[in-house]
Amino acid sequence: MRPVPYPTAPVGREDLLGRLDQVLRARGRALLTGPAGIGKTEVAQAAADHAGCRGETVLWLSPQPADRDMAGAAAAALVSSVPPAALDGLPDPQRAAVAVLCREAAAPEAGWDPVALRLGIARILRTLAERGPVLLVVDDAQRIDADSADLLRFALHLAPAELRVLAVETPDPYVDGASFTLWVPSEADVLLVPPLHADEIAELLVHHRLPSRMAGRIHRTSGGNPRLALAVGRSLADARTPVHHAEALPLSGRARDLARRMLAPASPAVRAALLLAALALRPTAALIRRAGRPTAEAELAAAERAGLISVTEDGTVAFTAGLLPSTLVHDTCWTERSAGHAALARVVDDPVEEVRHRALATDVPDEDLAAEVAAAADTARRRGNSALAAELALLAAESTPVRLGDRRIARLVDAAEEAARAARADLAMRAAADLLARDAAPADRVRARLAVLDTAGQGLTDLDELYVHATEDSDGDPGLRAAVLLRLAVKYVLADGDPVRSRAAAVESAELATSVGDRHTAAKALTQQARMDRVLGSPDAERTLARARTLEMTDRPLGVRNTAQILTIRHALFDDRLGEARDRVHALLPLVEQRGPVEDAIELLNTLAEVEARRGQCAAALAHAGRSLALTLEAGLSPGPAWYVLALAETAGGSFARAAGYARRSVQASEEEGDHVFLSRSLYALGRVQLVTGDVAGALETLRRVRDAERARCAVDPSMLRWHEELAEALLANDARDEAEALLADVGPVAERLGRTTVLLGFDRAYGLCLAAGGKTDESVALLAETADRFGAQGLVLEQGRCLIALSRVERRRRRRSAAQQALHAAATVFERAGAVPWLALTAENPSYAEPAPAAPGAGNAALSRLTEAELHLARLVGEGASNQEAAARLYLSVKTVEARLTRIYQKLDVRSRAQLATALNHPV
């Protein structure tokens with residue numbers, strides 16, 4: 001029997017459902033197990049829905065907590081849920097026993113016959129199974145009372161193979177042994193429901209319309225537990241202030257309550273051991289034992305059975321969800337926390353950790369201790385542990401006595417800037433808040449605020465007040481003003497979508513920085529100016545970028561993000577100098593992966609994935625994009641850019657459906673961040689997929705959004721985001737040839753002026769289709785064939801293949817079957833060599849792109865031959881009886897477009913009604 005697809009598969013559970021289906025088919029018994037909130041019931045429900053789609057009878061038994069102590073409660077509920085016909089034919093003793101069970105389930109002494117009851121329930125289940133396959137789902141099986149378990153165990157032992165059973169259990173981690181007793185362990189396969197991966201958590205958040213831009217941080221906080229993740233996501237959605245880092249997530253309310261419920265069953269001894277693990281930087285069983293828990297191994301084992309932690313073979317302890325240790329520490333009184341830190345300070349073997357614990361064990365400021373902590377922060381920084389360095393820098397400032405005001409302020413500034421280097425927005429904001437509450441100099445206030453701005457990532461909205469105050473405090477200091485203007489230049493383009501204003505701020509920043517000899521800021525400002533020059537179509541972009549590179553060579557910046565060297569690579573990508581771009585990235589990537597921050601590695605991997613996708617190196621593009629997303633989510637950064645790049649890679653060599661999914665996620669994340677740049681990019685990626693998969697109406701809507709956004713941003717250079725050719729083709733598919741030609745005529749001269757050669761090739765492909773739509777098929781074929789060859793010569797093999805598909809369609813329209821097949825086969829060969837899986841499948845499966853079908857009735861009619869392919873397709877649908885609305889839905893067109901196209905068809909065929917149209921199609925003259 002052919003498998004029926006799961007109608008409601010929970011996010012990330014497709015593989016598990018496949019294994020579950022196999023187990024139930026092979027053995028008839030399966031047990032789903034895992035911690036609370038992991039999604040066991042959702043998986044069971046999906047399996048039940050699947051069985052229902054196959055026509056099976058589904059019985060759902062869900063005991064309640066009180067049923068555990070009520071004899072026969074679960075068995076009575078099962079009997080009550082079966083169809084009444086299943087009780088027909090029961091012998092009188094069995095019928096009487098069942099009646100007593102259902103009427104007086106709490107009083108077995110009232111007279112049920114245990115033997116008759118056993119046989120009765122067994123017969124009921126057998127009767128159901130004889131009428132067709134049955135799936136019995138027992139949710140929360142650990143709540144079944146002992147009498148019901150005994151009755152069901154007997155009935156299931158006698159049940160035929162047509163009765164399959166799926167049990168769902170949340171075991172009690174603090175009770176040794178299995179709690180499930182419906183069958184012996186050898187009778188069923190046990191399937192553990194695992195945590196979701198970070199990318200699956202992102203999909204879950206999107207599915208529930210919750211903020212997805214912090215998916216990596218929510219995954220880390222929840223440990224992949226769906227219930228916890230949704231609780232954290234809802235807390236985030238309810239937050240009144242913007243959140244930019246995992247440690248600053250609003251973890252109160254339902255999220256904290258869920259964590260408390262998970263921790264509640266732990267004994268005081270287990271909780272004490274867990275507190276030490278939460279306070280330690282590198283918790284191990286040995287460390288916790290030395291810190292005063294002689295039975296640490298047993299206590300940690302109990303916590304591991306409860307799903308609170310994992311313990312490796314070497315004794316390393318890791319909490320399964322970041323919310324657990326933070327809640328544990330949050331709910332513990334200061335005295336206990338202080339005692340825990342003091343105990344750990346006595347037994348850790350690293351001087352940095354020892355100083356940290358000593359500082360956290362006291363709330364009395366002490367300059368000697370503060371100096372030790374500051375020195376420890378320097379050590380952590382040299383070791384490359386920027387997160388610990390940031391924490392210690394802030395701890396040093398907070399340990400400084402108030403009487404040493406200037407020293408405390410200096411340390412707060414250092415702490416804020418250290419937090420910015422570590423991308424710890426929560427620590428930067430704490431340091432800035434402390435500093436701004438004191439009598440600090442304007443320069444110190446500016447540095448603290450800039451540190452907060454530098455940790456905001458893509459999300460620069462809702463921070464206007466910081467920019468205003470930083471601008472005011474920098475008045476009269478050219479160096480500080482240059483630094484503020486540089487941040488404003490970035491904000492103007494990302495959050496405000498205003499490249500003109502961004503360029504002006506960058507120009508002023510570069511001038512001020514140069515005047516005070518600040519080469520670092522000047523280089524960054526010139527880079528931003530060059531970036532905006534490119535957007536605005538200025539011929540000065542490359543000259544400005546060259547100046548920035550010269551300054552960088554002497555300044556030697558520590559990172560690559562927002563530097564002239566990465567922008568140089570991006571310009572090579574935009575110009576399709578792909579070999580140069582790839583070589584430059586490959587030269588930088590090993591060094592960055594060794595010593596650079598993760599944001600730099602992500603930037604290079606994203607660029608490399610774009611380059612490889614454009615080159616048609618599809619497998620490489622997917623690999624680089626996948627690595628970028630993994631690093632992004634692990635680091636807790638906004639996934640919008642990584643999702644956009646993965647959408648491009650999936651479009652090239654993966655799956656159009658997955659590409660659309662990633663593009664939609666990127667759209668949502670970019671909208672949440674207020675990031676205009678990546679919003680346009682992700683909409684472009686989505687619109688492109690919609691177009692090539694036949695969703696013309698969707699593509700038009702999406703690509704028009706891109707057009708409107710890019711025009712609002714005053715974007716001029718057509719090479720940076722190539723939406724023009726896609727929109728032109730979508731307009732053609734919607735019978736708006738005049739609008740498509742006007743679009744190409746408007747932007748073509750700009751591309752020529754800027755020397756964007758490969759952009760013009762894309763326009764030629766679209767213009768070739770315009771010629772075909774206008775009936776100039778000979779000219780269209782010549783232009784498309786030439787354009788395909790030129791794409792191949794440029795090494796743009798996917799564009800070459802796409803152009804060959806267009807050529808095949810035009811040849812098909814001309815009824816040149818052999819030429820159409822030849823072009824289509826050439827496209828398939830190109831895609832196969834590139835590993836462009838979705839494009840290869842498209843040539844074989846999509847009716848719009850496949851080789852010509854046999855001629856339909858009327859194909860030889862001279863009048864019919866004047867119809868375009870799109871017109872002939874619509875004529876056939878209408879001739880077969882489709883209404884205008886039905887035809888519009890099937891062709892992804894508007895009803896208005898269908899009506900206009902029908903009018904032209906009627907004119908070409910000289911018919912006046914649908915009946916005459918059907919006659920013309922079926923009875924050619």
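Because the structure is predicted, anything quoted here is derived from the model rather than measured.
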The criterion is side-chain contact (heavy atoms from CB on, under 4.5 Å); which residues satisfy it with [X], sequence neighbours excluded?
X: Gln617; answer: Glu612, Arg615, Ala620
X: Ala525; answer: Leu486, Ser509, Ala510
X: Thr829; answer: Arg833

ring-ring contact (aromatic ring centres under 6.0 Å, His included) partners for Phe656, two or more places apart: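 Scan of Phe656 (ring-ring contact (aromatic ring centres under 6.0 Å, His included), adjacent residues dropped) gives Trp839.
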Ionic contact status for Arg549 with Glu542, cut-off 4.0 Å: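 Here Glu542 does not pair with Arg549 in a salt bridge, since their nearest N and O are not under 4.0 Å apart.
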Looking at residues at least two apart in the chain, or sitting in another chain, which of them share a salt bridge (charged side-chain N to carboxylate O under 4.0 Å, His left out) with [X]?
X: Arg13; answer: none
X: Arg722; answer: Asp576
X: Arg570; answer: Glu610
X: Glu671; answer: Arg705

Would you say [X]'s side chain and [Y]'s backbone share a donor-acceptor pair under 3.5 angstrom?
X: Thr693; Y: Gln690; result: yes
X: Ser502; Y: Ala489; result: yes
X: Arg753; Y: Ala751; result: no
X: Ser670; Y: Ser666; result: yes
X: His219; Y: Leu196; result: yes

Find out whether [X] and [Y] are in side-chain contact, i.e. whether some heavy atom of one side chain is under 4.5 Å from a heavy atom of the other.
X: Asp600; Y: Leu604; value: no
X: Pro718; Y: Val750; value: yes
X: Ile602; Y: Pro641; value: no
X: Arg501; Y: Val493; value: no
X: Asp199; Y: Arg665; value: yes

Ala419 versus Ala428, closest heavy-atom pair with distance: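 Smallest heavy-atom distance, with atoms named: CB-N, 3.4 Å.
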Heavy-atom closest pair, residues Thr527 and Leu567: O-CD2, 3.4 Å
Tyr684 six-ring centre to Arg681 NZ/CZ under 6.0 Å and within 45° of normal: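 Negative - Arg681 is either too far from the ring of Tyr684 or too far off its axis.
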Qualifying side-chain hydrogen bond (donor to acceptor under 3.5 Å, both in side chains) pairs, either residue in residues 624-636, two or more places apart: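 Applying side-chain hydrogen bond (donor to acceptor under 3.5 Å, both in side chains) to every pair that reaches into residues 624-636, excluding sequence neighbours, yields Glu593-Arg627, Asn606-Ser628.
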side-chain hydrogen bond (donor to acceptor under 3.5 Å, both in side chains) pairs, two or more places apart, involving residues 790-800: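 Non-adjacent pairs meeting side-chain hydrogen bond (donor to acceptor under 3.5 Å, both in side chains): Arg614-Glu799.
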Set of residues satisfying side chain to side chain donor-acceptor pair (under 3.5 Å) with respect to Arg534, sequence neighbours excluded: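 If we apply the side chain to side chain donor-acceptor pair (under 3.5 Å) test to Arg534, skipping adjacent residues, the hits are Asp575, Asp717, Ser719.
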Atom [atom1] of [X] and atom [atom2] of [Y]: how far apart are they, to the nearest 0.5 Å?
X: Thr455; Y: Arg424; atom1: OG1; atom2: CZ; answer: 10.5 Å
X: Leu731; Y: Leu703; atom1: CG; atom2: CG; answer: 8.5 Å
X: Ser682; Y: Leu686; atom1: OG; atom2: CG; answer: 8.0 Å
X: Phe831; Y: Thr843; atom1: CZ; atom2: OG1; answer: 7.0 Å
X: Arg503; Y: Asp498; atom1: CZ; atom2: CG; answer: 13.0 Å
X: Asp789; Y: Leu784; atom1: CG; atom2: CG; answer: 11.0 Å

Pairwise salt bridge (Lys or Arg N to Asp or Glu O under 4.0 Å) hits with a residue in residues 651-662, at least two apart: Glu650-Arg658
Donor-acceptor pair between Gln528 and Arg531 side chains, under 3.5 angstrom: yes
Trace of the side-chain hydrogen bond (donor to acceptor under 3.5 Å, both in side chains) decision for Arg688 with Thr651: CA-CA 9 Å; Arg688 186 165 176 249; Thr651 300; 4.9 Å; no
Over 12 non-hydrogen atoms of neighbours within 6.0 angstrom of NE2 in His197: no
More than 12 heavy atoms of other groups within 6.0 Å of Phe791 CZ: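 Buried by this count: over 12 neighbours within 6.0 Å.
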Step-by-step salt bridge (charged side-chain N to carboxylate O under 4.0 Å, His left out) determination, Arg802 to Glu729: CA-CA 12 Å; Arg802 188 175 176 187; Glu729 184 170 344; 3.4 Å; yes
